[in-house]
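In each ligand, atom 1 is the first atom listed, and ligand 1 is the first ligand listed.
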Amino acid sequence: MADTAGHAHDVIEGLLDEQRVFPPSDEFRAGAIIRDDSVYREAESDFEGFWARLAEEFIDWYEQPTECLKWTAPHCTWFEDGVLNVSVNCLDRHIDAGHGERVAFHWEGEPADDTRDVTYDELLAETCRIANGLKSLGVRRGDRVGLYMGMVPELPAAMLACARIGAPHVVIFGGFSAESLADRLDSAGAKVLITQDEGWRKRLKIPLKENADAAADRVPSVERVVVLRRTGDPVPWNDDRDVWLDELAADQPDTCEPERMGAEDTLFLLHTSGTTAKPKGVQHTTGGYLLQAAVTHKWVFDIHDDTVWWCAADIGWVTGHSYIVYGPLANGTTSVLYEGDPACPDWDRHWEVIEKYRVTAYYTAPTLIRSFVKAGPEYPAKHDLSSLRLLGTVGEPINPEAWLWYWRYIGGERCPIVDTWWQTETGGILITPLPGVTELKPGSATVPFPGIQADILDEAGEPVVRGSGGFLVVKNPWPGMFRTLWQDDERYVEAYFSKYEPSIYVVGDAAKQDDDGYFWIMGRIDDVINVAGHRLSTTEIESTLVEHPAVAEAAATGAADPVRGQSIVCFVLLKSGHDQTPELAEDLRHFVADKIGKIARPAAVLFGDDLPKTRSGKIMRRLLKDIAEGHELGDTTTLRDAEVVVDLKQKADLVMGRSN
Ligand code: WT7
């Protein structure tokens with residue numbers, strides 16, 4: 001990044017210099033768990049001691065660890081001789097403390113009358129029945145269990161059941177195809193798969209069991225398929241392999257002796273995509289991961305006993321693992337668990353749920369916030385959102401305009417917004433405000449969490465000067481970091497620790513730091529466009545486009561160009577009331593050129609009714625690139641709506657003068 005000088009680049013880098021600063025209100029600070037910067041100073045002077053103190057405070061151990069960090073870069077262990085059980089930390093100890101009747105999950109099904117409150121007592125009983133059921137199928141400590149389910153309370157119960165008996169779980173997002181499911185089950189060598197008959201999504205029934213069958217047929221390690229009844233519709237059945245969850249669990253005792261696990265035993269595997277087609281099986285541990293999830297959840301979201309927490313992600317992603325299941329349950333928190341789509345039956349479903357349960361802290365992704373912007377402020381205006389005291393975002397950089405909309409229309413200009421940067425690999429949040437301490441700057445994830453040494457390096461491994469872009473790195477280990485990639489340690493070393501010294505974790509994002517030391521994430525390194533020798537971040541182009549009054553959401557990609565290396569093609573979603581005219585497309589090209597410099601003028605602006613997104617809301621840039629370049633489209637099975645790309649491709653071929 002740092003090798004790219006020039007005026008245009010300076011202008012682009014300067015674009016994200018957002019001036020407005022939002023300090024915590026006196027009122028918020030007074031009630032906050034972390035109110036001053038002493039935790040930062042404590043961690044700076046001794047980060048190992050800092051985590052060791054928290055390991056004592058946040059975790060109930062059967063055997064207290066005497067060891068802390070062991071670091072033979074790039075491999076580490078934390079609290080290696082500590083012995084614990086994660087499900088006991090998430091359930092039993094709260095019940096022992098007298099909180100068994102506290103609600104763990106206010107479960108809200110997609111069909112509106114389908115709701116259920118699950119208390120800590122009930123969640124423990126269900127966890128134990130499933131754990132005993134799994135044992136009866138021959139699942140032993142160390143065996144892997146696949147979970148392919150929707151957002152139902154049985155999913156956290158099944159995860160905790162696995163944790164109780166020491167069987168690492170492998171959750172596969174319910175939106176994945178049979179083929180993706182099979183790949184993941186196969187690479188993990190899963191012995192049992194738990195699924196459901198069907199899942200609900202946008203009032204349609206997703207055929208989970210059918211997909212599970214197709215996958216299990218292909219994966220020899222899968223011996224049994226356990227099926228939760230959700231919709232009750234008939235599904236194909238194989239008597240030798242299949243068993244209903246209710247029948248399996250019905251006669252099981254609702255207590256189950258927890259396994260005593262070592263801190264470094266594997267808690268779960270979770271797959272994430274890398275630069276090759278083969279997904280990476282990110283491997284997380286029992287002690288360090290739980291600590292990271294619990295501490296960051298409590299401090300970043302300022303979790304008190306009376307907090308009503310809602311992380312609106314899917315449990316199929318790491319966000320749901322850490323901030324729907326493990327962090328909140330370790331902290332004894334009451335959460336909302338919502339099964340369905342945010343636009344079902346209409347765009348105010350989330351606001352209705354917040355009003356209904358008096359949610360106090362809400363965490364979602366910028367892409368969804370931009371959809372809310374597009375739907376309009378009249379949707380939140382219909383509901384009483386006064387219970388909210390904190391908002392959060394995760395998953396991608398948030399453009400300042402969306403941030404300000406969120407601040408104003410959802411937070412009522414009183415709720416701090418924590419923009420949390422982290423990854424599947426990091427296990428928990430690493431760069432983030434602490435809401436009672438940190439002054440917020442819209443668009444910046446602000447500063448490293450206490451104990452995290454983040455930096456920005458150039459190609460040669462030198463720290464860049466403040467204000468210039470470079471490679472985001474983390475220079476010291478943290479308890480929740482992944483320990484390796486499942487059965488592929490070589491790829492672990494190669495993909496993350498080989499660019500510089502083996503002790504330096506290369507995140508894969510470009511970022512810059514401003515004069516106050518705040519981090520501004522510029523997007524994945526592979527999202528960088530190179531136009532005529534100038535590197536442009538897609539994020540910055542997108543951020544500019546959404547400043548235009550007609551634009552709700554934008555995605556930019558680079559299309560191969562024989563002269564300029566790449567040219568910029570933008571995909572734009574308009575706000576209601578604006579028409580998709582050639583004049584407006586022209587207007588937007590000039591708008592970007594005006595704001596950033598001619599170098600950033602898009603070769604084409606294409607309007608769509610939606611963008612190609614995965615069901616988790618991530619824009620599939622590979623497809624945008626295929627569309628922009630007129631290639632045959634690759635795999636579209638993980639898309640939320642496969643029609644979107646067909647429509648965009650026709651428009652692109654027309655605009656770019658391709659005849660097919
Ligand atoms: C990538 C990790 C962490 C849970 C969800 C995604 C991007 C994440 C932010 C943020 C800017 C962000 C990064 C990162 N990202 N949070 N607050 N600001 N970018 O997990 O699928 O492992 O993706 O998401 O590019 O590397 P993931």
Side-chain angles (χ1 to χ4, degrees), residues 16 18 171 173 175-176 269-275 279-282 284 289 292-293 296-297 300-301 311-327 363-370 391-400 402-403 406 417-433 438 440-449 454 456 469 471-474 480-482 485 495-496 505-513 518-528 537-540 542-543 613-621 638:
L16 289 177
E18 179 54 55
V171 179
F173 173 57
F176 274 128
L269 309 178
L270 183 62
H271 292 86
T272 186
S273 17
T275 48
K280 304 191 265 199
V282 170
H284 281 291
Y289 169 82
Q292 192 94 29
T296 51
H297 176 250
V300 172
F301 304 112
C311 166
D314 195 286
I315 294 177
W317 310 111
V318 75
T319 309
H321 281 59
S322 300
Y323 300 112
I324 296 177
V325 182
Y326 292 114
Y363 187 37
T364 192
T367 179
L368 187 58
I369 297 168
R370 288 193 297 268
L391 301 171
T393 70
V394 59
E396 53 181 318
I398 183 165
N399 48 299
W403 196 102
Y406 197 33
I417 299 176
V418 289
D419 176 347
T420 62
W421 178 91
W422 60 295
Q423 307 175 297
T424 306
E425 292 87 342
T426 68
I429 293 164
L430 293 197
I431 302 181
T432 180
T438 316
L440 307 172
K441 299 187 187 186
S444 168
T446 74
V447 295
F449 191 81
I456 298 169
F471 298 100
L472 180 61
V473 298
V474 185
M481 74 187 275
F482 64 146
L485 296 176
Y496 302 100
Y505 172 63
V506 181
V507 155
D509 284 353
K512 68 167 193 169
Q513 251 181 307
Y518 277 45
F519 286 77
W520 297 77
I521 311 297
M522 298 159 74
R524 298 293 302 182
I525 287 162
D526 32 19
D527 289 346
V528 169
S537 155
T538 50
T539 310
E540 283 157 324
E542 291 160 6
S543 183
K613 286 181 192 160
T614 63
R615 294 181 181 87
S616 71
K618 265 207 168 21
I619 294 172
M620 288 193 69
R621 293 180 180 277
T638 57

Quiz item: Do the side chain of H284 and the main chain of T424 share a donor and acceptor less than 3.5 angstrom apart?
Solution: yes
Quiz item: Which residue supplies the protein heavy atom nearest to atom 5 (C) of ligand 1, what is that atom called, and how far is it?
Solution: T319 OG1, 3.4 Å
Practice problem: Write out the residue and atom name of the closest protein heavy atom to atom 23 (O) of ligand 1, then the distance separating them to 0.1 Å. | Solution: K618 NZ, 4.0 Å
Quiz item: Quick one: which ligand 1 atoms are inside 4.0 Å of a heavy atom on D419?
Solution: 10 (C), 17 (N), 18 (N)
Practice problem: Indicate, as side chain, backbone, both or neither, the part of Q423 found under 4.0 angstrom from ligand 1 when only non-hydrogen atoms are considered. | Solution: both
Quiz item: So which of T432, T446, V394, L430 actually passes side-chain contact (heavy atoms from CB on, under 4.5 Å) with W421?
Solution: L430
Quiz prompt | Which of the ligand 1 atoms, numbered from 1, are nearer than 4.0 Å to a heavy atom of I521 | solution = 11 (C), 19 (N)
Self-check item: F173/W317 under ring-ring contact (aromatic ring centres under 6.0 Å, His included): CA gap, chis, key distance, verdict
Solution: CA-CA 7 Å; F173 173 57; W317 310 111; 4.7 Å; yes
Quiz item: Does any donor atom in the side chain of T364 or Y406 lie under 3.5 Å from an acceptor atom in the other side chain?
Solution: no
Quiz item: Can you tell me which residue and heavy atom of the protein come closest to atom 25 (O) of ligand 1, and the distance to 0.1 Å?
Solution: D509 OD1, 2.9 Å
Practice problem: Measure the acute angle between the ring planes of F482 and Y505, then classify it against the limits of 30° and 60° as parallel, tilted or perpendicular. | Solution: perpendicular
Quiz item: Name the one of E425, K280, H271 that satisfies side-chain contact (heavy atoms from CB on, under 4.5 Å) with L485?
Solution: K280
Quiz item: With a 6.0 Å cut-off on ring centres, are F449 and W422 close enough?
Solution: no
Quiz item: To the nearest 0.1 Å, how far is atom 2 (C) of ligand 1 from its closest protein heavy atom, and which atom is that?
Solution: W422 O, 3.6 Å
Quiz item: Can you list the atoms of ligand 1 that are under 4.0 Å from a heavy atom of V394?
Solution: 3 (C), 4 (C)
Practice problem: Considering the heavy atoms of T420, write down every atom of ligand 1 situated less than 4.0 Å from one of them. | Solution: 9 (C), 10 (C), 16 (N), 17 (N)
Quiz item: When you check the gap from the basic side-chain N to the acidic O, do K613 and E396 get nearer than 4.0 Å?
Solution: no
Quiz item: Which heavy atom of the protein is the closest neighbour of atom 16 (N) of ligand 1, given with residue, atom name and distance?
Solution: G395 N, 3.0 Å
Exercise. Just need the protein heavy atom nearest to atom 22 (O) of ligand 1, so name the residue and atom and give the distance.
Key: T424 OG1, 2.6 Å
